Amino acid sequence: MIFSKKLITWYLQNKRSMPWRETNNPYPIWLSEIILQQTKVAQGLPYYMSFIEAFPTVFDLAKASEEEVLKLWQGLGYYSRARNLHVTAKHVADNLNGVFPVTYKDLLLLKGVGDYTASAIASICYKEAVPVVDGNVYRVLSRYFNIETPINSAIGVKQFKALAIQLMDHDDPADYNQAIMEFGALQCRPKKPDCFICPLCDSCEALKKGNVERLPVKLKKIKVKKRYFNYLIFYTKNHQTIISQRIGNGIWQGLYEFPLIESDTINKDTIVDHPVFKQVVENDEYEIVPYYSEPVVHKLSHQHLYTRFYVIKIDGLIKTNETQKKINTKDIRKYPVPILLSNFIDVFFK
DNA sequence: AACCCGGGGTG
DNA sequence: CACCCAGGGTT
């Protein structure tokens, strides 16, 4: 039996049951694909369920505010996915009568839909013979054919894509694409794949050569940057505090946070002299207390954030600028915030 | 081509 | 601690 048929046979016997596998409607398929980018099924599934419940159709999602979408997305990470999801929902609802594009080429034009996602939707919903090449596919192909080309090099991307086109079942692209991904997720796992019960073990080149654990090859490891965050949690007698929305190009774009002083070092002695503090507090009627004795370390893929939380009790008034919002502390959970701050809020505003 | 973007799970 | 995850966008 040929490669694709073996995979499909394995898939039909071993596939997990998932809500988005019950339909060919592009809306839930698209939604699930965006949520599952760089995200495991176990982590993304509860988010998928709440999105489908809150926004059963693309029109419901289009009608929502960006803040509502970000709030539902809170904790899932890579927040540009949520913003692009919303942009595309509005585009499909307003300009396309709620009808998603039906070809790989046209799907690619949607914000947040790249080569992988366009291929997934086109093949699953419309049976277009375009191969998905995700992390699972790179792993399965590099092992089965013992290919050592780095999967994140330009040449590697072309090589694996060409191989994927050649291998795919052109008569059943929907099952084939899901089969090879499911196979990579469950059988040909990154660590400790169970090669002894693998349906492809007789013809797997990496297994023959003892290379399974070394493949796929990936170039460079990322360097982690250290940053030092000092959050100011103002707290007045009538339970007001200040938050502001992150803008620009950095992390957590669109999410809210407390007034932030970032420093180059672990240093913590200049808070009350800093312009951000002085802009809010004009007199000496305050008490400032670090909430933890040690910084909270929050680890992102490319950054480690050493974070201090300063609780500042104010007797008088607090002043906000244009970028800040004065809110009642009981409303704090209405705003989308990073997990780092969500954790603090759960402890401090309990 | 290089860099940026989260949070959680695994060994 | 290193690595990975149903990747995509920007420069």
Side-chain angles (χ1 to χ4, degrees), chain A residues 11 15-16 18-21 28-48 70 73-85 87-88 107-121 123-124 131-140 150-158 161 164 174 176-186 188-193 213-225 227 246 248-255 297-305 336-343:
Chain A
Y11 174 66
K15 68 172 176 180
R16 294 167 287 182
M18 300 190 207
W20 50 87
R21 284 189 174 151
I29 301 287
W30 162 72
L31 176 62
S32 72
E33 291 299 345
I34 303 297
I35 287 176
L36 291 174
Q37 286 168 6
Q38 295 295 286
T39 304
K40 290 192 169 105
V41 169
Q43 189 188 359
L45 181 55
Y47 286 85
Y48 173 84
L70 281 172
W73 199 272
Q74 176 176 304
L76 197 55
Y78 285 151
Y79 296 93
S80 67
R81 287 185 293 170
R83 297 192 307 272
N84 289 335
L85 183 82
V87 169
T88 289
L107 285 161
L108 258 187
L109 300 175
L110 302 176
K111 271 269 196 304
V113 174
D115 184 77
Y116 162 77
T117 305
S119 302
I121 299 172
S123 62
I124 294 171
V132 293
V133 186
D134 74 333
N136 293 305
V137 176
Y138 281 121
R139 187 168 53 257
V140 172
I151 61 172
N152 56 342
S153 63
I155 181 72
V157 169
K158 287 181 68 175
K161 175 93 169 182
Y176 171 78
N177 275 341
Q178 295 182 83
I180 191 168
M181 291 192 286
E182 192 81 333
F183 183 79
L186 299 181
C188 198
R189 298 183 295 265
K191 301 290 181 186
K192 306 260 181 189
E213 295 278 0
R214 295 196 308 106
L215 294 171
V217 174
K218 212 170 182 176
L219 287 176
K220 314 165 212 153
K221 347 199 174 289
I222 53 157
K223 214 167 62 178
V224 176
K225 192 182 301 178
R227 299 175 72 180
R246 288 186 69 93
N249 290 323
I251 57 174
W252 302 332
Q253 191 184 337
L255 275 61
V297 184
H298 186 72
K299 294 179 177 177
L300 308 179
S301 298
H302 299 72
Q303 308 180 20
H304 288 182
L305 309 177
V337 298
I339 284 295
L340 170 65
L341 295 181
S342 175
N343 290 341

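Source: prediction; values computed, not measured. In what follows, chains are A, B, ... by sequence order, proteins preceding strands, each numbered from 1.
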A/L255 side, atom CG; A/L340 side, atom CG - distance, nearest 0.5 Å: 11.5 Å
If the P atom of B/dG6 is compared with that of C/dT11, how far apart are they to the nearest Å? 16 Å
What range of DNA chain B does chain A touch, first nucleotide to last, counting atoms under 4.0 Å from its heavy atoms? B/dA1 to B/dG11
Please work out if A/A154 contacts a base, only the sugar-phosphate, or nothing of the nucleic acid, heavy-atom cut-off 4.0 Å. sugar-phosphate
Distance flag, aromatic centroids of A/Y79 and A/W252, threshold under 6.0 Å: no
Contacts of A/Q43 meeting side-chain hydrogen bond (donor to acceptor under 3.5 Å, both in side chains) (sequence neighbours excluded), chain-then-number -> none
Taking all atoms of both residues into account, what is the closest heavy-atom pair of A/I124 and A/A174, and its distance? CA-CB, 3.9 Å
After noting the C-alpha distance and the side-chain angles of A/W73 and A/Y47, does the key distance pass the ring pair (Phe, Tyr, Trp, His ring centres under 6.0 Å) rule? CA-CA 7 Å; A/W73 199 272; A/Y47 286 85; 7.1 Å; no
So what does A/Q303 touch, heavy atoms closer than 4.0 Å: a base, only the sugar-phosphate, or nothing? sugar-phosphate
Any heavy-atom pair between the side chains of A/V133 and A/Y138 that's under 4.5 Å? yes
Side-chain donor/acceptor of A/N177 to backbone N/O of A/V132, under 3.5 Å: yes
In whole Å, measure the gap between the P atoms of B/dC5 and C/dA6 for me. 23 Å
So A/G44, base contact, sugar-phosphate only, or nothing? Heavy-atom distance under 4.0 Å. nothing
Base contacts versus sugar-phosphate-only contacts with protein, heavy atoms under 4.0 Å: please encode nucleotides 2-9 of chain C as B, S and - from 5' to 3'. -SBBBBSS
Less than 4.0 angstrom from a charged side-chain N to a carboxylate O is my criterion; do A/R81 and A/E33 meet it? no
Would you mind classifying the nucleic acid contact of A/I35 as base, sugar-phosphate or nothing, using non-hydrogen atoms under 4.0 angstrom? nothing
Please assess A/L107 against A/W30 for the test side-chain contact (heavy atoms from CB on, under 4.5 Å), listing each intermediate value before the final yes or no. CA-CA 10 Å; A/L107 285 161; A/W30 162 72; over 6 Å; no
Taking only the P atom of each, what is the distance from C/dG8 to B/dG9 in whole angstrom? 24 Å
Using heavy atoms to find the nearest nucleotide of DNA chain B for A/Q253 and A/I155 separately, return the residue whose nucleotide is more 5′. A/I155
